[in-house]
A.B. asks: 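This is the structure, below, for whatever I ask next.
In what follows, chains are A, B, ... by sequence order, proteins preceding strands, each numbered from 1.
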Amino acid sequence: MAGRRRASARPPRGVWTLVLAASLAPGVWIALRAAGWFGGLGVNPIERLLEDTGTHAMIALLVALAVTPLRQWTGLAWISALRRMLGLVAFAWVSAHLLVWVGLDLFFDWVLILDDIRHRPYVTVGFAAWLILLALALTSTRGAQRRLRHWWPRLHRLAYAAGVLAILHVLWLTRGADYIEVGIYAGVLAVLLGWRLWRALQPVRRPRAG
Amino acid sequence: MLIRVRRRSDIPRSEVTPEAVYRRRREFMKGGLALGAGFGLGALGLAGPAAADLRDELEPLEAEPGEFSTDETLTPFEDATTYNNFYELGTGKEDPHRLADRLQTDPWSIRVEGLCDNPGEYALEDFIDPWSLEERIYRLRCVEGWSMVIPWIGFELNRIIDRAEPTGSARYVAFESIHDPDNLPGQRRSVLEWPYVEGLRMDEARHPLTIVSVGMYDHVLPNQNGAPIRLVVPWKYGFKSIKSIVRIRFVEDEPPTSWNRMQPNEYGFYSNVNPDVDHPRWSQATERRIGEFRRRRTEMFNGYGEEVASMYEGMDLTEKY
């Protein structure tokens with residue numbers, strides 16, 4: 001059984017490309033609107049860019065975190081082959097979000113930027129999440145994986161910490177009691193993280209490493 | 001900050017109609033033309049959802065230029081009517097524009113009550129003296145860090161207070177917005193405690209800058225901007241300028257206010273625009289004027305310090321934020 005799964009560890013033809021295209025497509029949509037098409041970016045375009053890149057960053061991060069649980073739930077080994085790509089996509093979205101904030105919203109005013117990172121908790125946690133993803137992106141190569149050996153999976157489990165920080169970031173930006181959006185993100189993350197913790201706490205040794 | 005009376009001579013005086021404020025909608029513009037024009041622009045990617053046509057649907061409302069107007073560039077009408085915070089119609093910035101029709105403004109009545117000798121319930125048309133209307137071009141600074149310049153049409157709240165004859169013990173004025181969860185989708189969610197309430201200290205309420213607005217951009221107020229009657233207090237963050245008012249009450253003690261009730265450590269009763277007192281979560285030092293790319297520095301009391309600062313002498317504005 002295990003052998004057959006391993007044999008089909010490559011995704012069906014075209015799936016990898018399709019998933020990559022789908023996860024970057026919103027970027028094309030945003031770029032087209034930024035260029036004035038399809039009604040543009042509205043009355044406050046920079047705020048819109050911040051919100052849209054932020055939303056897609058959050059979704060991409062949750063999708064990347066869902067890879068391993070999805071493989072375990074479905075038994076489809078090839079899903080793991082999407083993991084690095086989806087992780088890098090999440091890093092790209094978070095980076096785009098950060099760049100809009102630094103370059104457009106605060107226009108490279110480093111005094112304000114550093115002040116916000118130090119004194120605004122929602123900025124602090126958001127920036128910390130980006131730093132984590134930066135570290136994971138830099139160590140995402142096969143070479144780094146080999147060199148870091150058993151430290152690599154430990155390091156990359158920090159992706160969940162990035163997820164928690166991202167949710168705090170959204171939560172601390174919420175005004176009023178408008179908790180639907182952040183509630184959905186938190187619910188998804190809780191299921192994914194809960195599942196992995198539950199698996200890790202199972203006393204019986206599994207035939208395959210998780 | 002420049003505050004200057006703006007001269008206006010481009011609107012024929014004959015357009016004034018006392019009925020405009022309560023008739024509100026022009027009857028002849030209903031569909032075809034407006035829809036066609038909007039579609040044309042939209043297809044070219046030049047405009048959002050046909051906002052430009054809204055002005056053709058609203059009753060024109062003319063008013064003499066009043067005091068205290070700024071000569072800064074007006075925010076485009078389209079921007080001021082498609083980017084709003086009006087949680088009764090939804091929390092998204094475009095929700096109020098999209099769901100504007102859910103707000104039922106006809107008939108509309110306003111109750112004036114509390115500690116006053118002349119309380120009463122008025123139909124909107126009896127409440128407003130059309131000849132008292134004037135135009136006030138004010139800066140509007142939202143607590144979220146954006147700002148606009150809006151040509152309001154209204155009259156000083158003073159007039160209402162005088163008519164009501166508040167008693168000596170009335171030290172505050174409390175305001176209440178419409179409560180209509182059957183029609184207002186936002187009020188079916190407890191994002192805030194409904195109805196929306198606001199309040200001013202008596203001297204703030206009586207300040208000549210404080211107006212009750214029934215129109216903007218030479219027309220009656222669009223629903224998304226707080227039709228048919230709203231408060232405008234230009235030196236305070238926008239949320240103090242309560243929309244769609246149904247009740248005005250004179251009280252002795254500081255009345256509850258919606259955002260303060262929601263998050264007391266973030267939104268105070270006074271909520272004067274103050275670049276030196278940050279919102280606990282974000283800086284208030286700068287703002288983005290809608291239509292501009294770079295942020296600009298936020299002015300103390302939104303640039304109205306000369307007129308209002310004396311009311312707060314001796315008060316610790318860090319404490320009383």
A.B. asks: OG1/B:Thr286 to CG/A:Asp109 distance, rounded to the nearest 0.5 angstrom?
C.D. replies: 8.5 Å
A.B. asks: Determine whether the side chains of B:Tyr83 and A:Arg48 contain a donor N or O and an acceptor N or O closer than 3.5 Å.
C.D. replies: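 Judged by distance alone, the side chains do not pair up.
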A.B. asks: With a 4.5 angstrom heavy-atom cut-off, is it the side chain or the backbone of B:Glu292 that approaches chain A, or both, or neither?
C.D. replies: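 Neither part; nothing is under 4.5 Å.
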A.B. asks: Within a 6.0 Å radius of atom CH2 on A:Trp29, are there more than 12 heavy atoms belonging to other residues, nucleotides or ligands?
C.D. replies: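 Yes, the 6.0 Å shell around CH2 holds more than 12 heavy atoms from other groups.
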A.B. asks: Measure distances from B:Asn84 to the heavy atoms of chain A and classify the residue's part below 4.5 Å as side chain, backbone, both or neither.
C.D. replies: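 Nothing of B:Asn84, per the 4.5 Å heavy-atom cut-off to chain A.
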A.B. asks: So for B:Pro280, is it side chain, backbone, both, or neither that comes closer than 4.5 Å to the heavy atoms of chain A?
C.D. replies: backbone
A.B. asks: Going by an N to O cut-off under 4.0 Å, is there a salt bridge joining B:Arg288 and A:Glu47?
C.D. replies: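 No, B:Arg288 and A:Glu47 are not salt-bridged.
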A.B. asks: Heavy-atom pairs under 4.5 Å with chain B: which of A:Leu104, A:Ile46, A:Asp105, A:Leu106 has the most?
C.D. replies: A:Asp105
A.B. asks: Closest approach of A:Tyr179 and B:Arg189, non-hydrogen atoms and distance?
C.D. replies: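 Result for this residue pair: N-NH2, 4.5 Å.
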A.B. asks: Which bit of B:Ser190 comes within less than 4.5 Å of chain A, counting heavy atoms only: side chain, backbone, both or neither?
C.D. replies: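 Looking at B:Ser190, just its backbone touches chain A.
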A.B. asks: Can you confirm whether A:Arg120 sits close enough to B:Asp278 that some side-chain heavy atom of one is under 4.5 Å from a side-chain heavy atom of the other?
C.D. replies: yes
A.B. asks: Report which part of B:Tyr87 has an atom under 4.5 Å of a heavy atom belonging to chain A: side chain, backbone, both, or neither.
C.D. replies: side chain
A.B. asks: Non-hydrogen atoms of chain A under 4.5 Å away: do they reach the side chain of B:Glu94, the backbone, both or neither?
C.D. replies: side chain
A.B. asks: Applying side-chain contact (heavy atoms from CB on, under 4.5 Å), run through B:Val143 and A:Arg175 and close with a yes or a no.
C.D. replies: CA-CA 11 Å; B:Val143 72; A:Arg175 299 199 318 125; 3.8 Å; yes
A.B. asks: Main chain of A:Thr174, side chain of B:Arg281: is a donor-acceptor contact present, judged purely on distance under 3.5 Å?
C.D. replies: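 Yes, because the side chain of B:Arg281 sits within donor-acceptor range (under 3.5 Å) of the backbone of A:Thr174.
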A.B. asks: Need one label for B:Trp282: side chain, backbone, both or neither, based on atoms under 4.5 Å from any heavy atom in chain A.
C.D. replies: both
